[in-house]
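Okay, structure first, notes after.
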Amino acid sequence: MPLELPAQGRPWPELRDEMAAMRGNDLDWKHGRHGAYVWYASDELEDVLREAFGMFLVENGLGMRAFPSIARMENETLAMVRSLLHGDDETAGIFTSGGTESIFLGVLAMREWARHERPGIVRPEIVAPHSAHPALNKAAHLQGLTVRRVPVGPDFRADPAALEAAVNQNTIGMYASAPTYSLGMVDPIEALGPIAERHGLWLHVDACVGGILAPFVRDSGYAVPAFDFAIPGVSSISADLHKSGFAAKPASTVSFRTRELREFARYTFDDWPSGVYSSLTFTGTRPGGAIAAAWAAMNFLGQEGYREIAAASMRAKQKTIDGLAAIEGVKVHGAPPLYAFSWAASGVDMGAVAGAMARRGFMCGQTTSPAGIHFMATPVHEAAADAYAAAAAESIAEARSSGAVGKAAAYN
């Protein structure tokens with residue numbers, strides 16, 4: 001039977017109670033039962049995000065002339081991101097709805113730039129490591145481009161020599177990650193920048209997961225490879241505010257080395273009754289609340305707050321890895337420098353382990369190449385690390401006892 005709009009409305013307290021009850025089976029993210037999807041630092045920050053978003057709930061980020069307050073907050077947020085990515089006065093950004101839109105716009109600018117600079121290319125291609133996020137292929141598919149994926153090296157990072165060997169007369173750009181979503185590896189972008197310059201290619205860095213917080217991880221004493229505009233040859237960088245910036249969804253950014261490069265992402269149309277329509281985003285209407293909440297988060301936390309979140313996230317990562325390492329046969333894939341990683345147990349089907357973990361209340365995303373379980377550490381995971389390791393030990397034992405060895409992890 002189709003659901004119809006109610007004939008009469010219902011009071012908010014009644015609706016609120018029903019909505020709260022709906023959450024009964026949702027992921028318990030406040031207690032670190034998640035490996036992805038949620039970036040939560042504290043109730044205090046959550047209150048700031050909720051109030052800031054609500055203050056600008058109705059305002060439309062499409063109408064900056066109508067809402068100069070939104071324009072100011074957007075510009076200041078993009079400027080703060082620019083400084084974190086070692087941009088300069090020429091660096092320009094776009095506030096987007098998420099990593100997928102940021103990558104889409106980076107690829108769009110790459111395509112339009114290539115049409116301007118290399119008009120003879122009719123079948124443009126992008127070379128990327130196999131570890132690249134699917135949003136790259138999605139963006140390429142929608143824009144008539146081809147992605148040529150290249151195997152990663154033994155350290156699970158992009159192989160510069162292999163990527164360069166894949167460049168041909170149709171190649172217009174390269175793609176790298178900081179870090180990769182699945183295994184948390186930062187590609188050797190310092191080696192890729194010169195390749196991009198040598199071949200006249202656009203190099204996009206997907207720093208959706210690491211772009212905002214990685215500088216503070218480095219400030220906290222951890223070795224984080226360079227990945228941003230400090231490297232010659234990098235043309236654009238995507239960095240999510242609603243991930244490691246701990247802002248409210250939907251909020252991301254894509255930054256370009258120069259304003260001139262950013263203009264290649266612009267769409268302009270005037271053949272309709274209302275004159276010139278010009279936009280740098282894929283979306284039209286944009287929630288003013290998301291812009292306001294991102295601005296509020298960055299100003300509320302400041303450098304000190306982000307440094308504390310970075311330190312807590314890295315402690316959570318290490319505590320979780322230490323707990324896993326105590327389990328026989330468990331290993332982390334590679335040497336991920338930030339807070340994302342993937343782990344596996346030898347001789348057991350990791351899909352079965354993930355299922356057993358879910359039955360114990362932990363949501364686990366899987367990796368397939370190599371087989372493993374993905375984990376994105378945030379401050380809330382520090383207190384949950386012991387429970388996670390205990391659940392992992394029980395789940396591995398359960399999978400082994402059931403004979404689930406079909407898709408076992410293979411170590412390099």
For [range], pull every pair meeting side chain to side chain donor-acceptor pair (under 3.5 Å), keeping only residues two or more places apart or in separate chains.
range            : answer
residues 54-66   : Asn60-Thr285
residues 378-391 : Arg315-Glu382, Trp343-Tyr388, Thr378-His381
residues 121-134 : Glu125-Arg148, Glu125-Asn168

TODO: Among residues two or more places apart or on two chains, list those pairs meeting salt bridge (Lys or Arg N to Asp or Glu O under 4.0 Å) that have a residue in residues 388-397.
DONE: Arg360-Glu394

Open item on the list: I need the full list of salt bridge (Lys or Arg N to Asp or Glu O under 4.0 Å) pairs touching residues 281-293, with sequence neighbours left out, sorted by first then second residue.
Closed with: Glu74-Arg286

Taking side chain to side chain donor-acceptor pair (under 3.5 Å) as the definition, give me every residue that meets it alongside [X], ordered by chain and number, with sequence neighbours left out.
X      : answer
Asp88  : Thr91
Lys317 : none
Tyr339 : none
Glu76  : Arg72, Trp295

Open item on the list: For Met64, is the CE atom crowded, meaning more than 12 foreign heavy atoms sit under 6.0 Å from it?
Closed with: yes

- [ ] Please name the residue in the list Ile309, Leu84, Leu85 that meets the side chain to side chain contact (heavy atoms under 4.5 Å, CB included) test with Ile212.
- [x] Leu84

Got [X] and [Y] here, is their nearest side-chain heavy-atom distance under 4.5 Å?
X      : Y      : answer
Met174 : Ile126 : no
Ile121 : Gln169 : no
Thr171 : Leu201 : yes
Leu45  : Phe300 : yes
Met298 : Val81  : yes

Inspect the contact between [Y] and [X] and indicate whether a charged nitrogen and a carboxylate oxygen are less than 4.0 angstrom apart.
X      : Y      : answer
Arg307 : Glu304 : no
Arg266 : Glu112 : no
Glu46  : Arg50  : yes

Task: Ser236 versus His204, side-chain donor and acceptor atoms under 3.5 Å - done: yes

Open item on the list: If we count only N and O atoms by modelled type, under 3.5 Å, do the side chains of Thr180 and Ser182 hold a donor and an acceptor together?
Closed with: no

Task: Check: Ser102 side chain, Thr253 main-chain N or O, donor-acceptor pair, under 3.5 Å - done: yes

- [ ] Scan for ring-ring contact (aromatic ring centres under 6.0 Å, His included) pairs involving residues 46-93, sequence neighbours excluded, and state none if there are none.
- [x] none

Task: Where at least one partner belongs to residues 215-259, residue pairs that pass ring-ring contact (aromatic ring centres under 6.0 Å, His included), sequence neighbours excluded - done: Trp39-Phe246, Phe216-Tyr306

Donor-acceptor contacts, no H, no angles, side chain residues 17-27, under 3.5 Å, sequence neighbours left out:
from  : atom 1 : to    : atom 2 : distance (Å)
Glu18 : OE1    : Arg10 : NH1    : 3.2
Glu18 : OE1    : Arg10 : NH2    : 2.5

Open item on the list: Under the criterion ring pair (Phe, Tyr, Trp, His ring centres under 6.0 Å), I'd like the reasoning laid out for His34 against Phe362: C-alpha separation, chi angles, the key distance, then a yes or no.
Closed with: CA-CA 6 Å; His34 60 294; Phe362 288 92; 9.8 Å; no

